[in-house]
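Here the structure is laid out as structure tokens; the discussion comes afterwards.
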Amino acid sequence: MKRRNFIKLSAMGTAAVAVSACENSLIGQKQSTILNFPISSPKIISTWNHGLAANNKAWEVLNKNGSALDAVEQGVRTTESDESNRSVGLGGLPDATGKVTLDACIMDHKFNCGSVSFLQNIENPISVARKIMEETPHVMLSGKGAYNFAIEKGFKHKELLIPETKLAWEKLMSSNSQKKPQINSENHDTIGLLAIDNKGNISGACTTSGWAYKLHGRVGDSPIIGAGLYVDNEIGGACATGLGEAVIKICGSHTVVELMRQGHSPNNACKLAVERIIKSNENLEGLQVGFIALNKKGEYGAYSVYSGFNYALKDESSNKMIDAAYEMEW
Ligand code: SD4
């Protein structure tokens, strides 16, 4: 151990003797997260291969010494505005009534967070979530209220159902099949994105059009702080993708961050959260959930219930896709 670190640690140790056992353990956590870790250089991690483009956009911000918060917002806006993407923002698949309804949330390095759920006709829900975070005393606005707030703040009304998705929905509705599509690894692809900036601060964003052809009014995990996304700047951040109902049940992203706090690597924390998903659901058929995580040291990881989940990782040397480890073959 370097002498300077040793002196810092012994000073903390001496102070800790004087406090209660509970405070003592908190001081212990701070030692491991703040004093022992070199601050990570900028890094971005995001879900699925639309993450590559989002990472590039987010990197432009970090590269100009911008904040992780600006980076995550700018990054996922790219995905929201990408018409070819069927599971986020514009061009996302609609619900059972043909309406595109969006869920999104954002969280910074100071526990500030903002969220929208069941939002319609706004192309970039993540920016509405940020406005709620920064300009209201609330965390979440939903439905018509979120829409009215967005319009008041200058966002433009936009039809998000494009000809292709309208056609797909009409075809599905006119088919005689009683069996409507289930959420599985083919019909969902939320983007969750975490970034560390030059100062070592972490922020995250998560945005989706949710479960294709869901019941009108259904809200998933993606706008729920602690489920779809969680950031604790002392420890790290996590995002979820997949069947939101299963993620909500175990407060997925918060669970991953808390597991990292206990000392687990990002990869192992994601794996343990996936094991909890498996334990808490009797029927695992088609139940895909994946987590990504990034800690304060810049270590990252991911894990999913089934094979097929991948994520995009960007640092100064590359932007690449990585296959997540998983529990079961799809
Ligand atoms: C949801 N978790 O609405 C979202 C969907 C998703 O990858 O993640 N897709 O349940």
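Reckoned from all heavy atoms, side chains included, excluding hydrogens, waters and symmetry mates. None of the values given here were measured: they were computed from a predicted structure. In each ligand, atom 1 is the first atom listed, and ligand 1 is the first ligand listed.
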ask   = What atoms of ligand 1 come within less than 4.0 Å of a heavy atom belonging to Ser222?
value = 2 (N), 4 (C)

inquiry  = Tell me whether Gly242 has any N or O atom under 3.5 angstrom from an N or O of ligand 1.
reply    = yes

key: For Asp221, the ligand 1 atoms whose distance to one of its heavy atoms is below 4.0 Å   = 1 (C), 2 (N), 4 (C), 10 (O)

request  = Go through ligand 1 atom by atom and flag the ones less than 4.0 Å from a non-hydrogen atom of Trp211.
outcome  = 3 (O)

inquiry  = Checking side-chain polar atoms at under 3.5 Å, does Ser222 have a donor or acceptor matched by the opposite partner on Thr208?
reply    = no

key: Presence of salt bridge, Glu123 and Lys156, under 4.0 angstrom   = no

ask   = Would you say Leu243 has any N or O atom under 3.5 Å from an N or O of ligand 1, going by distance alone?
value = no

key: Stepwise salt bridge (charged side-chain N to carboxylate O under 4.0 Å, His left out) test for Asp70 and Arg130   = CA-CA 10 Å; Asp70 287 339; Arg130 182 167 177 179; 2.6 Å; yes

inquiry  = Under 4.0 Å, heavy-atom basis, I'd like to know which part of Arg218 is in contact with ligand 1: side chain, backbone, both or neither.
reply    = side chain

Sequence neighbours excluded and cut-off under 3.5 Å, please list the side-chain donor-acceptor pairs for residues 99-106, or say none.
unit_1 : atom_1 : unit_2 : atom_2 : d
Thr101 : OG1    : Lys214 : NZ     : 2.9
Asp103 : OD1    : Phe118 : N      : 3.0
Asp103 : OD2    : Gly220 : N      : 3.1

ask   = In ligand 1, which numbered atoms sit nearer than 4.0 Å to a non-hydrogen atom of Gly210?
value = 3 (O)

request  = Give the numbers and elements of all ligand 1 atoms closer than 4.0 Å to a heavy atom of Thr190.
outcome  = 2 (N), 4 (C), 5 (C), 6 (C), 7 (O), 8 (O), 9 (N)

ask   = So, Asp95 versus Thr97: side-chain donor-acceptor pair below 3.5 Å or not?
value = yes

task = For the pair Phe309 and Trp48, name the ring-plane relationship: parallel under 30°, tilted 30 to 60°, perpendicular over 60°.
result = perpendicular

inquiry  = On a heavy-atom basis, which atom in Val88 and which in Ile191 lie closest, and how many Å separate them?
reply    = CG2-N, 4.0 Å

task = Give yes if a backbone or side-chain nitrogen or oxygen of Asp103 is under 3.5 Å from a nitrogen or oxygen of ligand 1, and no if not.
result = no

